[in-house]
Amino acid sequence: MKYMTSAEIRQAFLDYFNKQGHEIVATSSLIPANDPTLLFTNAGMVQFKDVFLGDDKRSYSRATTAQRCVRAGGKHNDLENVGYTARHHTFFEMMGNFSFGDYFKPEAIRFAWVFLTEVMGLPKEKLWITVHHSDDEAERIWKEEIGVDPERFSKLDEDNFWAMGDTGPCGPCTEIFFDHGEEVFGGPPGSPDEDGDRYIEIWNVVFMQYNRSAGGEMVALPRPSVDTGMGLERIAAVMQGVHSNYEIDLFQNLLKATAAAVKTNDLDNKSLRVIADHIRSCSFLITDGVTPSNEGRGYVLRRIIRRAIRHGNKLGTKEPFFNTLVAALVKEMGDAYPELGKMQEQIERVLLKEEQQFAKTLDNGMRLLTEEISGLEGDVISGETVFKLYDTYGFPADLTADVAREHELTLDMDGFELAMEQQRQRARASGGFAVDYNDKLDLNGVTEFIGYEHLEGGAEVVALFVEGEAVHQLSAGQSGIVVLDHTPFYGESGGQVGDRGHLSWDQGQFLVKDCTKEAKSHLHHGELVEGVLSVGDKVFAQIDEQARRATACNHSATHLLHAALRSVLGEHVQQKGSLVDPERLRFDFAHFEALTADEIKQVESIVNAQILANAEIKTDVMDMEQAKQSGAMALFGEKYDDQVRVLSMADGFSIELCGGTHAQRAGDIGLMQIVSEGGIAAGVRRIEAVTGQGALAYVAANESSLAEISALVKGSRDSVVDKVRALSERNRQLEKEIERLAMMLTSAKSGDLAEKAIEINGIKLLVENLQGADPKALRDTVDQLKNKLGSAVVVLATESEGKISLAAGVTKDLTGQVKAGDLVRDLTAKLGGKGGGRPDFAQGGGVDCAALPAVLESVKVLIANI
Ligand code: SER
């Protein structure tokens, strides 16, 4: 057994299986394509799920991969163990070999054994085997064909049954463990001490035999298959003679960079390991398009980032540090995963923003938690506290759990869930309920959509609804929903609004105001203007052609905009939402800062150049695999049908999966104008734009505003910018001048004011309302009066636009008796405001102008009573 680097092991594995007839397949994204049942790619088999299920065919029946995996959230969740064991990670690389109905148990077991004992050279007596208790065949192969020592063999139950998620492919498995030696605590698999770090599972060979349905039923797969996984970090620890994954080559530089960033020399610190682990998952998740948010994948990312920040904070770091570690990660893994390097700057920006945001609440949250822990009776932190930390301070429950675990405490998760549910109920109570037509639409078949080719056509009424209830007939004046057997009306989906128009028949008409899609039926919402309409009637359906054309242009322009944004800003731009209607288009996308005026101009001109080039807009219907190969962009997490529509524009400049309706040629769009650009959430920007007639109207309105401005500043089109600039410069100068004059005026007045001081209780007191004076001048005036009077208490007020400003000064010799700060706090409270400051000077404000005279008068009484 000789030392091997992680990179060498990765290569040796792929080479070995390639020699055994396996196709080397690239790692897939951490976001499972087209699979809403799974949060992240949590194993090597995920990209082959459909192949196991028999829904997808490949040109090969044996494959091998080095797959990036994240196990945080969802079925396989290692987040809470990171930092507590030597072998758990949120991110890791899994080496795998797969057979799709090709070889099965004997070959799979032999491959694994030969690779470990011959290629890697591991001593046989250091390995321990487990099989599922029901799997006699695997047991026989290990004992008879391979000849393993029965002393290092156990049969287990659920530990030897592997499933990707609650549903999907699964089957019994056999695992290979490495014994790190007696000096490490832990017992063999199946023993009470198995959770220690001595016996580490290094390889899992799963015999994929079933598909588990949502109801828990196990259906045999069409062809028994094999899915194996060997954690690269774990085998690297073995090959490098260390007992912890964190001691392997891949982690060494990362840990050093982390220690430098948080300024510690203690390289064994547990928090450093947590941070070094988390920078890997966070960076790769951002690379694959996840942005921190409050739900789904984005929330898991946020949780991991916040956990890392908390560990940095625990080590005494107050400044953002996490983002600075991306550079070290790129150095370590950029060669194997070049996209990481390309995205470095974006990753740093996302992390920095999260760090800045969380810094605002982290300290306060930690204070609350520390107080709670120190006053705790028992060892459970209440659900209410966990909820408060979550709701007010942005502490994900697992972050609180992490702190609790350090103090050997646990959380009352039931109490937390209850508080969450109560909050949801409050939100729902203020919301309202929507009708679920899915339940009500027990229609045989679906509405056939003919609207890609036709704008009108005959159809039959298959259902009618009024106020959510199915009815047989609609009569004049009634509003309701009509469902047809086929329709040219596009039902709202994919961000495109529904068509409007009308349904007509002999002596009757139904005005369609909107069309939505529920399951596969199109619901025509509107009002029956004339006649009666019954289920079974024949109607003629016509959509509002003009509105549809305008919508189609906006939709096609959205695709060009998307492609142009990616070419100007980078590949990280991904669609986060979109709305397309006849008037405009709205496009939300991942990007981390405002677009500059120049970038907006570039994007706009790329789109307009494509419009002018006027290429044909092509739609092809194909299966998902072909679509992927064509390079079509799909939305992560979106479920597509088996047959998808691929829309290609501008000779391949934009290729997207899209079920919407589109223009025929780019030139139909006419012109696109970006109307606004802004941020709507952390890392998400929104662009609104208009096209066609809308864009012409926008340009015309701009033109007439420009003409009006030119007339107002008495300039021509060409000189208007200079004129406005000069005007605003002059305005600035005038404002300064006014400020200076106001100061002079108040200061001149202060000479007279000094005369007004009275003496109470041996103290010189001056209280005055300066009515309308500039609040900014109060401070100077108080100082001047203090100088003039030598020893005095000065209180000045001014009112403007319903707001009172108040300032008080006390000369040093008197601050023992009267404190300006106390005085102002007291007076402003009576004025419905607040204020305070030092003993010799303080200021504040209030709103109760009517109370001002009496409040100022009360100062005399205060001084008299000292
Ligand atoms: N899917 C199995 C696992 O993750 C083997 O790759 O353990």
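In each ligand, atom 1 is the first atom listed, and ligand 1 is the first ligand listed. Residue numbers start at 1 and run along the sequence shown.
Asp227 OD2, 2.8 Å is the protein heavy atom nearest to atom 1 (N) of ligand 1.
Residue-ligand proximity, Met94 to ligand 1, at heavy-atom distances under 4.0 Å covers atoms 3 (C), 4 (O), 6 (O). Numbered from 1 in the order shown, with element, the atoms of ligand 1 that lie under 4.0 Å from a heavy atom of Asn204 read 2 (C), 3 (C), 5 (C), 7 (O). Below 4.0 Å from some heavy atom of Ala43 lie the following atoms of ligand 1, by number and element: 1 (N), 4 (O). Atoms of ligand 1 lying under 4.0 Å from at least one heavy atom of Gly229, given by number and element, are 5 (C), 6 (O). Distances below 4.0 Å separate heavy atoms of Val206 from the following atoms of ligand 1: 2 (C), 5 (C).
When ring centroids are compared, Phe358 and Phe395 come within the 6.0 Å threshold.
Arg71 forms no cation-pi arrangement with Phe92, by the criterion of a distance under 6.0 Å to the ring centre and an angle within 45° of the ring axis.
Residue contacts with ligand 1, taken as heavy atom pairs separated by less than 4.0 Å, do not involve Asn42 at all.
Taking each of Arg71, Met95, Met208, Gln67 in turn, the one with a heavy atom nearest to atom 4 (O) of ligand 1 proves to be Arg71.
A salt bridge (charged side-chain N to carboxylate O under 4.0 Å, His left out) with Glu354 is found for one member of Arg307, Arg303, Arg302 and no other, namely Arg302. Partner Trp128 forms a ring pair (Phe, Tyr, Trp, His ring centres under 6.0 Å) with one of Phe153, Tyr199, Trp142 and no other, that one being Tyr199.
Geometrically, ligand 1 and Met45 share no nitrogen or oxygen pair separated by less than 3.5 Å. For the pair Thr228 and ligand 1, the shortest N or O to N or O distance falls below 3.5 Å.
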List the steps, then state whether side-chain contact (heavy atoms from CB on, under 4.5 Å) holds for Val70 with Thr41. CA-CA 6 Å; Val70 162; Thr41 295; over 6 Å; no
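With hydrogens and angles left out, the side-chain atoms of Asn42 and His76 include no donor and acceptor closer than 3.5 Å. A donor and an acceptor atom, one from each side chain of Gln20 and Tyr103, are nowhere located under 3.5 Å apart.
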